[in-house]
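Report on the following structure.
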Amino acid sequence: MTTPYTFAHNAFAGALRSTYAHLSDGEESGVAVNVAGRLMLMRTQGKLAFATMRDSSGEIQLFALAATTQRFEEFAKLHLGDWVGVSGEVVRTKRGELSVKVASWQLLAEALHNFGDKWAGISDFDLRYRHREADLWANASTRTSLTRRSEMLRSVRERCWAANFMEVETPMLNAIPTGAAARPFRTFHNALNSEFFLRIAPELWLKRLVVGGYERVFELGRVFRNEGVDTRHNPEFTILELYAAYWNYEDMMAFTEELVAGVALDVLGTTEISYLDRDFSFAAPWPRRTMAELASQAVDEDVSVHTPLAHLAQLLGERGVEVHVSWGAGRCLAELFEVTCEETLWNPIFVTDFPVEISPLARRHQKDPELTERFESYAAGRELSNGFSELNDPVDQRNRFEEQARLAAAGDDEAMLIDEDYIKALEWGLPPTAGLGVGIDRLAMLIAGEANIREVIAFPTLKPLRD
RNA sequence: GCGCCGGUAGCUCAAUUGGCAGAGCAUUUGACUCUUAAUCAACAGGUUCCGGGUUCAAGUCCCGGCCGGCGCACCA
């Protein structure tokens, strides 16, 4: 079947609804428009036909009459899901439905499959995720969630640009997977005869751009981590990372809370969030508490990175956590915080001053060299962002990498590897800089009110079908 | 990776203890000049996820596999 290559579209359903809200029942506007979209419903009644058509802005009724509609019999036999382009006058029917009274029309594309039950839609998860195009057609909640994600991305970019951050892109094919602790995906470049890894974070590249003189940079892009899949993890996900020269982690916390609150305001029109039947507010400022404070409160005694390792191990053991031989006091404190506090942090909060042991890229705390100027924000019981004053001492960075290498040798397959190029970059001089990483999918879940990360990803990673 | 649950018509779902595989919507045909999930009538629609097994008889019970949901583990 040959269908048109273009359509002279000049009106949207949503705009027509507001423009012609004044038409009374049975009134004709005298204005002809060209609308296009997909047929959602069709009600034929002898020599009349009423179709509900949807475009990107909403739905509008198409009103066809045998007496005045071109090829009326064919129109009445169109299928749900077909794309049509219609020319006709804007009218309101006697029963009060704003309509385009079809004069002429064209079939723009035929739907050879139906898109689910017209009332119940599609509910099968496998079908919804593997054929999101059908899910989008059938389910308003899918359209809403994915649209909110898109609006969120726009808001994030605009707010970063407004704060004089420059958007950059860094390599996804990396010879060394670094910048985070995670198992990578491996791939191979034939012409270079080299193994590569899909990036697990853009962090080190971005700081090299700061070394190069770009004082504020951000990247909004995909990273890949070869780990489990569940309601909060997709193997590929989107991260916002940004770096600002001359800032420290306190400046970055202030930027973070303003950014997140601003994004909520842009997308939802409010900073007040209702998530899974519980409320919280993104309105700044968010409280700041140190990891040691929160852990101490949870175990009802003072603990810190200076608490004897054996005692921290005992506290962990009482809570069912097995302590690995390579763990020092810092790792133990962090584990204790995670098991006792993380899920309880419902309202947005910054947890600060992470142990140096688990923060190989963060600058040591000015008040305690065993800690770093690092923070993570939490909301709804989960990590939302991670940031710190960046370690810019190449000697200390080499020591930190070497400690990571020891962990790797001891069997930690998520420890970082030594990145000589990065150390060399620091030797050229990284100014005092603060960095931030925000899990965009996690934030999208909160903004869209979704409990499953797959609902905010258009095409989530699924196991390929076999057999 | 482990555990629990699920997979029946294009879609949404039924099917008693193991006893003829069904309905609504969609599709097809017909009626109908103001419908709103239109209505009414009729026809058609099946590898019950796949492969074995038990049984006179399996959608149903058993074993293996595939895919998904939820939980756990992993995710500093």
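First the proteins, then the strands, lettered A, B, ... as listed; each starts at 1.
Distances shown here put a side-chain N or O of A:K118 below 4.0 Å from the OP1 or OP2 atom of B:A26. Residue A:S123 places at least one side-chain N or O under 4.0 Å from the OP1 or OP2 atom of B:U12. In this structure, A:T93 does not reach the B:U33 phosphate: none of its side-chain N or O atoms is under 4.0 Å from OP1 or OP2. Considering only side-chain N and O atoms, A:H79 lies under 4.0 angstrom from the phosphate OP1 or OP2 of B:U28. Regarding contacts with the backbone of B:C74, every side-chain N or O of A:N226 stays at 4.0 angstrom or more from both OP1 and OP2. Note on A:R130: a side-chain N or O is less than 4.0 Å away from OP1 or OP2 of B:G68. Distances shown here put a side-chain N or O of A:Q45 below 4.0 Å from the OP1 or OP2 atom of B:C34.
Pairing for B:G24 is with B:C11, a Watson-Crick or G-U wobble pair whose two hydrogen-bonding atom distances lie under 3.5 Å. As the counterpart of B:A37, no nucleotide is assigned, since no Watson-Crick or G-U wobble pattern has both distances under 3.5 Å. Across all strands shown, B:G3 forms a Watson-Crick or G-U wobble pair, both distances under 3.5 Å, with B:C70. Under the Watson-Crick and G-U wobble criteria, each requiring two contacts below 3.5 Å, nucleotide B:U16 is left unpaired. Across all strands shown, nothing is found opposite B:A44 as a Watson-Crick or G-U wobble partner with both distances under 3.5 Å. Base-pair partner of B:G64: B:C50 (Watson-Crick or G-U wobble, both distances under 3.5 Å). Nucleotide B:A57 forms no Watson-Crick or G-U wobble pair with any nucleotide shown, as no partner meets the under 3.5 Å limit on both distances.
Relative orientation of the A:F75 and A:W105 rings is perpendicular, given thresholds of 30° and 60° on the angle between their planes. Relative ring orientation between A:F337 and A:Y378 is described as perpendicular, the plane-to-plane angle rising above 60° on a 0-90° scale split at 30° and 60°. Using a 30° and 60° split on the angle between ring planes, A:F280 and A:W346 fall in the perpendicular class, above 60°.
Residues A:G96 and A:N114 both approach RNA chain B. Their nearest nucleotides, taken by heavy-atom distance, put A:N114 toward the 5′ side. Comparing A:W119 and A:L127 by the nucleotide of RNA chain B that holds the closest heavy atom to each, the one mapping nearer the 5' end is A:L127.
In this structure, A:E59 places its CD atom 12 Å from C1' of B:A37, rounding to the nearest Å. Here the P atom of nucleotide B:G68 and the CD atom of A:E455 are 15 Å apart, to the nearest Å. Between the P atom of B:C34 and the CG atom of A:L41 lies a distance of 19 Å, rounded to the nearest Å. The distance between atom CD of A:E73 and atom C1' of B:A31, rounded to the nearest whole Å, is 13 Å. Computed from coordinates, the A:I122 CD1 to B:G69 P distance equals 16 Å when rounded to whole Å. In this structure, A:D117 places its CG atom 14 Å from P of B:A14, rounding to the nearest Å. Distance, A:D126 CG to B:C5 C1': 15 Å, rounded to whole Å. What separates CG of A:L62 from P of B:U36 is a distance of 17 Å, to the nearest Å.
Remark: of the listed residues A:V210, A:N248, A:N392, A:V210 is the sole one forming a side chain to side chain contact (heavy atoms under 4.5 Å, CB included) with A:T433. Checked options A:E390, A:E373, A:H365; the residue passing with A:Y249 is A:H365 (criterion: side chain to side chain donor-acceptor pair (under 3.5 Å)).
Geometric assessment of A:R454 against the ring of A:F125 yields a negative cation-pi assignment under the 6.0 Å and 45° thresholds.
In this structure, A:G121 reaches the sugar-phosphate backbone alone: every heavy-atom distance under 4.0 Å involves primed, P, OP1 or OP2 atoms, never a base. In this structure, A:D230 reaches the bases: a heavy-atom distance under 4.0 Å links it to at least one base atom across the strands shown. Contact annotation for A:S359: no contact, since no heavy-atom pair falls under 4.0 Å across all strands. Across all strands, A:R183 comes closer than 4.0 Å only to sugar-phosphate atoms, never to a base (heavy-atom distances). Nucleic acid contact for A:K94: base, since at least one base atom lies under 4.0 Å from a heavy atom of the residue. Residue-level contact check: A:Q61 touches the bases, meaning some heavy atom is under 4.0 Å from a base atom. Base contact: A:F63 has a heavy atom under 4.0 Å from a base atom. Counting any heavy atom pair closer than 4.0 Å across all strands shown, A:G46 reaches a base atom.
Other residues, nucleotides and ligands place no more than 12 heavy atoms under 6.0 Å from the CD atom of A:E73.
When the P atom is compared between B:G51 and B:A41, the two are found 39 Å apart, to the nearest whole Å. Nucleotides B:C49 and B:A15, compared at atom P, are 15 Å apart to the nearest Å. Annotation: B:G46 and B:C5 have their C1' atoms spaced 25 Å apart (nearest Å). B:U8 and B:U48 have their C1' atoms separated by 4 Å, given to the nearest Å. Between the C1' atoms of B:A21 and B:U16, the separation comes to 15 Å (whole Å). A gap of 31 Å separates the P atoms of B:U54 and B:A14, to the nearest Å. Atom P of B:U36 sits at a distance of 40 Å from the matching atom of B:C20, rounded to the whole Å. Rounded to whole Å, the C1' atom of B:U60 lies 16 Å from the corresponding atom of B:G22.
Closest contact between the side chain of A:F50 and the listed nucleotides B:C34, B:A76, B:C32 involves B:C34. Each of B:G68, B:U12, B:C70 was ranked by its minimum atom distance to the side chain of A:T231; first place goes to B:C70. Side-chain proximity of A:L80 to B:C34, B:A76, B:U27: nearest is B:U27.
An aromatic stacking contact between A:F125 and the base of B:G68 is absent, as defined here by ring centres under 5.5 Å apart and ring planes under 30° from parallel.
Residues A:E335 and A:H324 have side chains that never bring a donor and an acceptor to within less than 3.5 angstrom of each other.
Note that NE2 of A:H22 is 9.5 Å distant from CG of A:L98, once rounded to the nearest 0.5 Å.
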